[in-house]
Amino acid sequence: QVQLVESGGGLVQAGGSLRLACVASGLTFGGYSMGWFRQAPGKEREAVGAISRGGGNTYYADSVRGRSTISRDNAKNTVYLQMSNLKPEDTAVYYCAASQVVITTDVQSYRYWGQGTQVTVSS
């Protein structure tokens with residue numbers, strides 16, 4: 001019933017930008033904090049950032065801080081991840097996830113996950 005569907009991934013050259021979107025259905029979107037995570041082959045899933053239920057608070061991993069923006073539009077049941085100055089090390093499958101816990105980077109705190117969207121950054 002609950003679905004999170006990411007979109008916006010693709011192939012981009014280093015230095016370029018992408019905006020990922022995640023549309024949620026089957027849940028009361030405003031009741032969940034949302035997170036963006038990424039996982040590269042052979043590596044553990046890591047938090048990129050997170051945003052509180054109302055969008056008033058955000059968190060960013062050090063690796064993306066300053067070149068990423070998480071936002072949400074609760075009326076559209078959508079959370080976004082805008083990334084600029086992309087680097088090859090940003091290459092990964094990006095996932096959005098929903099948590100009933102206050103803003104968190106803990107993978108285990110996220111109950112629902114999207115299918116992921118591939119971001120590939122070429123050098």
Side-chain angles (χ1 to χ4, degrees):
Q1 184 178 11
V2 174
Q3 288 190 327
L4 305 177
V5 181
E6 302 97 334
S7 62
L11 176 63
V12 62
Q13 291 185 339
S17 299
L18 285 175
R19 188 174 81 153
L20 308 182
C22 172
V23 179
S25 61
L27 52 72
T28 302
F29 186 69
Y32 291 81
S33 61
M34 299 295 296
W36 282 98
F37 296 79
R38 65 187 183 186
Q39 188 166 25
K43 296 185 177 181
E44 294 185 350
R45 190 166 299 187
E46 64 176 359
V48 178
I51 187 166
S52 60
R53 291 179 293 274
N57 296 103
T58 55
Y59 161 83
Y60 300 97
D62 290 344
S63 59
V64 302
R65 192 183 307 275
R67 57 191 185 92
S68 297
T69 301
I70 295 175
S71 61
R72 66 190 295 165
D73 186 341
N74 286 353
K76 297 182 181 296
N77 285 4
T78 302
V79 61
Y80 304 92
L81 174 63
Q82 173 73 44
M83 299 190 69
S84 61
N85 192 24
L86 285 161
K87 307 175 185 298
E89 49 263 45
D90 294 320
T91 295
V93 177
Y94 284 69
Y95 301 88
C96 70
S99 175
Q100 292 179 297
V101 179
V102 295
I103 184 168
T104 178
T105 60
D106 181 9
V107 169
Q108 300 301 316
S109 295
Y110 287 83
R111 182 174 183 178
Y112 302 110
W113 292 81
Q115 83 288 353
T117 185
Q118 177 72 47
V119 172
T120 302
V121 183
S122 62
S123 60

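Atom set for the values below is all heavy atoms of this structure, side chains included, hydrogens, waters and symmetry mates excluded.
- Neither Leu20 nor Val93 shares a network with the other; the hydrophobic side chains, linked directly or stepwise wherever heavy atoms of I, L, V, M, F, W or Y lie under 4.5 Å apart, form separate groups for each.
- For the atom pair OG1 (Thr104) and CD (Gln100), the distance works out to 13.0 Å, reported to the nearest 0.5 Å.
- Atom CD1 of Ile70 and atom CD of Gln82 lie 11.5 Å apart (nearest 0.5 Å).
- Listed by first and then second residue, the side chain to side chain donor-acceptor pair (under 3.5 Å) pairs that reach into residues 10-28 come to none, sequence neighbours excluded.
- If you take OH on Tyr95 and CD on Gln115, they are separated by 9.0 Å, rounding to the nearest 0.5 Å.
- When side chains are defined from C-beta on, Trp113 counts as touching Val107, because their heavy atoms get closer than 4.5 Å.
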Under 3.5 Å, side-chain donor or acceptor atoms of residues 36-48 against the rest of the protein: list the pairs with distances, not counting sequence neighbours.
residue	atom	partner	partner atom	Å
Trp36	NE1	Tyr80	O	3.4
Arg38	NE	Glu46	OE2	2.8
Arg38	NH1	Asp90	OD1	2.8
Arg38	NH1	Tyr94	OH	2.9
Arg38	NH2	Glu46	OE2	3.4
Arg38	NH2	Ser63	OG	3.3
Gln39	OE1	Arg45	NE	3.3
Gln39	OE1	Arg45	NH2	3.2
Gln39	NE2	Lys43	O	3.1

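- Residues forming a side chain to side chain contact (heavy atoms under 4.5 Å, CB included) with Ser7 (at least two apart in sequence, or on another chain): Ala21.
- Applying the disulfide (SG to SG under 2.5 Å) test to every pair with at least one member in residues 71-123, sequence neighbours left out, gives these pairs: Cys22-Cys96.
- Cluster partners of Val23: none. The rule joins Ile, Leu, Val, Met, Phe, Trp and Tyr whenever side-chain heavy atoms lie under 4.5 Å apart, and it links nothing here.
- Judged by distance alone, the side chain of Ser99 and the main-chain N or O of Ser109 form a donor-acceptor pair under 3.5 Å.
- Scanning for salt bridge (Lys or Arg N to Asp or Glu O under 4.0 Å) contacts around Arg111 gives an empty result, with sequence neighbours left out.
- Nearest heavy-atom pair, Ala24 versus Leu4, reported as atom, atom and distance to 0.1 Å: CB-CD2, 3.3 Å.
- How far OG of Ser68 is from CG of Leu86: 7.5 Å, rounded to the nearest 0.5 Å.
- Within the structure, no pair that satisfies the salt bridge (Lys or Arg N to Asp or Glu O under 4.0 Å) test touches residues 2-13, not counting sequence neighbours.
- Between Ser33 and Val102 the shortest side-chain heavy-atom distance does not fall below 4.5 Å.
- Applying the side chain to side chain donor-acceptor pair (under 3.5 Å) rule to Asp73 yields no partners; only residues at least two apart in sequence or on another chain are considered.
- For the pair Tyr110/Val101, no side-chain contact is recorded, criterion being any heavy-atom separation below 4.5 Å from C-beta on.
- With sequence neighbours left out, Ser122 forms a side chain to side chain donor-acceptor pair (under 3.5 Å) with no residue at all.
- The side chain to side chain contact (heavy atoms under 4.5 Å, CB included) test applied to Val2 returns Leu27, Tyr112, not counting sequence neighbours.
- Remark: Asn74 CG to Met34 CE distance equals 9.5 Å, nearest 0.5 Å.
- Through direct or relayed side-chain contacts under 4.5 Å between Ile, Leu, Val, Met, Phe, Trp and Tyr, Tyr59 connects to Ile103.
- For Gln118, the side chain to side chain donor-acceptor pair (under 3.5 Å) criterion is met by Thr120, not counting sequence neighbours.
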